[in-house]
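Written below as structure tokens is the structure these notes are about.
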Amino acid sequence: MSDETQPGEFEPGADNNKTKLLIGGGIAAAVMLGAYVYANSGETVWSDTEAQADTADSEAEGEAVAAAEEPEPEPELSARGVIKAKEESTVASRMTAKITALPFGQGQSFRRGALLARFDCSSIRAQLAAARASANAYQTTYETNVELDAFEAVGKNEVAVSRANLGKANAEAAAISAQLKDCAVYAPFSGSVVEEIASKGEIAASGQPLMRIQSGGDLEAELIVPSNWLTWLRPGADFTFAIDETGVDITGSVTRLGAAVDPVSKTIRISANIDRGDGLVLPGMSGTATFKEPEPEPVPEAEPETPDGAPEAQETSGTDGRQSS
């Protein structure tokens, strides 16, 4: 049998070589295709969960920056209060008598020294006339006894008794005359009538209220604030007062603090001047006062103390620059 292979016969090694070549070519083509895809990809696409997390982080950072840029509002403190007149008084009768005149009615204004009430004092005037007549009689008796005593025609005792009787009569007349001053009541200040309590023609008893009056000039605010405000509230503190009845804002300044703290409510009353401006501001109006708490004063830094036993700094000479011993 010949060693040469005839055409058409099977060669075992040739098929293996072709298979290896095909496999190697396929691997090379796959590597080249992967390299091409990687080189032409513009950006990496992440999953939806990671994208949402990045968006939430960005929004949180934006909100934090916006919150940091906005300044914190200054603390405001408020308290309720009422507008009142600086001077108020209740006019009362100092005697038991009939009211004959009340010139001013509720809401009417008056000036200082104006007549507010007058009483019927005819009986008191009659008593005063009798007392003065009695005093004149004792005066005559005393003068006569003094002349007789000069001639030793009367005793010393009679002169002394007549002098005492004269003094008593004068004192009684003065007392009745003082009662006449209570027959009329005059205004202690300029203002207006807030309330009429009595009426003309009534019999007023001693001490009975007749009317309430108040000054018509400067007004003030009375506030009720927490007692712990005393740590920073001082006279001169400014505030804004919003009036409930009109909705108008006016300004004020604290003038004085109360003398005592209410132990139950833990509050204290304070008084303040107000600037009524051009708006309608009447006593009795209420509202809310708003304060701004002052910033605490900076604490001065303490100077560093030299420890015990530490050597002090040595002075240097201005001429040769040597250290002085």
Side-chain angles (χ1 to χ4, degrees), residues 70-93 104-112 116 185 187-198 207-299:
E70 294 180 358
E72 295 183 358
E74 298 182 0
E76 294 185 349
L77 305 173
S78 60
R80 295 291 297 174
V82 63
I83 304 297
K84 58 182 296 185
K86 286 190 174 182
E87 293 181 297
E88 295 181 343
S89 178
T90 299
V91 178
S93 172
F104 299 97
Q106 183 173 347
Q108 292 184 324
S109 301
F110 52 82
R111 293 184 177 275
R112 180 178 180 179
L116 298 180
V185 180
F189 49 78
S190 298
S192 59
V193 178
V194 179
E195 180 185 3
E196 288 183 277
I197 302 175
Q208 176 183 338
L210 304 176
M211 65 181 67
R212 289 196 307 112
I213 61 174
Q214 66 182 15
S215 60
D218 296 336
L219 302 177
E220 66 178 2
E222 185 177 88
L223 310 177
I224 300 178
V225 303
S227 57
N228 56 10
W229 285 17
L230 294 176
T231 57
W232 58 268
L233 187 61
R234 297 289 183 273
D238 297 327
F239 62 90
T240 302
F241 193 83
I243 301 177
D244 296 339
E245 288 78 5
T246 60
V248 176
D249 291 345
I250 59 177
T251 58
S253 177
V254 177
T255 56
R256 61 185 183 275
L257 306 179
V261 174
D262 189 336
V264 178
S265 61
K266 299 297 182 182
T267 58
I268 186 172
R269 293 179 181 270
I270 65 173
S271 298
N273 288 332
I274 60 172
D275 183 7
R276 59 197 305 175
D278 297 332
L280 178 63
V281 182
L282 298 175
M285 289 184 172
S286 57
T288 302
T290 303
F291 293 82
K292 290 185 178 180
E293 185 175 359
E295 297 181 357
E297 297 181 357
V299 179

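Keep in mind that what you see is a predicted model, and the values were worked out from it rather than measured.
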Would you tabulate the side-chain donor-acceptor contacts of residues 208-215 under 3.5 Å, counting partners in other chains and residues two or more places apart, or write 'none'?
residue: Q208; atom: OE1; partner: A205; partner atom: N; Å: 3.0
residue: R212; atom: NE; partner: E195; partner atom: OE1; Å: 3.1
residue: S215; atom: OG; partner: E87; partner atom: N; Å: 3.3
residue: S215; atom: OG; partner: E87; partner atom: O; Å: 3.4

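- One N or O on the side chain of S227 and one on the backbone of K266 form a donor-acceptor pair closer than 3.5 Å.
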Dump the intermediate steps for side chain to side chain contact (heavy atoms under 4.5 Å, CB included) on L116 and F104, then the final yes or no.
CA-CA 7 Å; L116 298 180; F104 299 97; 3.9 Å; yes

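- Side-chain contact between I243 and I250 is present, with heavy atoms from C-beta onward closer than 4.5 Å.
- Proximity of F291 to T240: side-chain heavy atoms (C-beta onward) are nowhere separated by under 4.5 Å.
- Put simply, the side chain of T255 gets close to the backbone of S271: a donor and an acceptor are under 3.5 Å apart.
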Quick one, W229 with L257, criterion side chain to side chain contact (heavy atoms under 4.5 Å, CB included). Give me CA distance, side-chain angles, the key distance, then yes/no.
CA-CA 11 Å; W229 285 17; L257 306 179; over 6 Å; no

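- Considering CG of D244 and OG1 of T288, their distance stands at 5.5 Å, rounded to 0.5 Å.
- Rounded to the nearest 0.5 angstrom, E222 CD and K84 NZ are separated by 4.5 Å.
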L230 vs I268, side chain to side chain contact (heavy atoms under 4.5 Å, CB included): CA-CA, chis, key distance, verdict:
CA-CA 9 Å; L230 294 176; I268 186 172; 4.1 Å; yes

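- Between atom CZ of residue F241 and atom CD1 of residue I274 there is a gap of 7.5 Å, rounded to the nearest 0.5 Å.
- Looking only at atom types and distance, the side chain of N273 has a donor-acceptor partner in the side chain of K86 under 3.5 Å away.
- Without hydrogens or angle criteria, R112 side chain to S190 main chain gives no donor-acceptor distance under 3.5 Å.
- Counting all heavy atoms, side chain and backbone alike, S192 lies closest to G107 at CB-O, 4.5 Å.
- Shown here for G207 and A92, the closest heavy-atom pair between the two residues is O-CB, 4.0 Å.
- From D275, atom CG reaches atom OG1 of T251 across 4.5 Å, with rounding to the nearest 0.5 Å.
- In plain terms, the two heavy atoms of L219 and P283 that are nearest each other are CD2-CG, 3.7 Å.
- In this structure, the separation between CG on N228 and CG on L77 is 9.0 Å, given to the nearest 0.5 Å.
- Nearest heavy atom pair, residue L223 against residue G81, reads CD2-CA, 3.5 Å.
- Ring-plane geometry between F110 and F189 is classed as tilted, the angle between the planes lying from 30 to 60 degrees on a 0 to 90 degree scale.
- Legend: residues meeting side-chain hydrogen bond (donor to acceptor under 3.5 Å, both in side chains) with D262, ordered by chain and number and at least two apart, are S265.
- Counting all heavy atoms, side chain and backbone alike, F239 lies closest to A272 at CE2-CB, 3.5 Å.
- Residue-environment remark: CZ (R80) exceeds the threshold of 12 foreign heavy atoms within 6.0 Å.
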Step by step, would you call I83 with V281 a side chain to side chain contact (heavy atoms under 4.5 Å, CB included)?
CA-CA 8 Å; I83 304 297; V281 182; 4.1 Å; yes

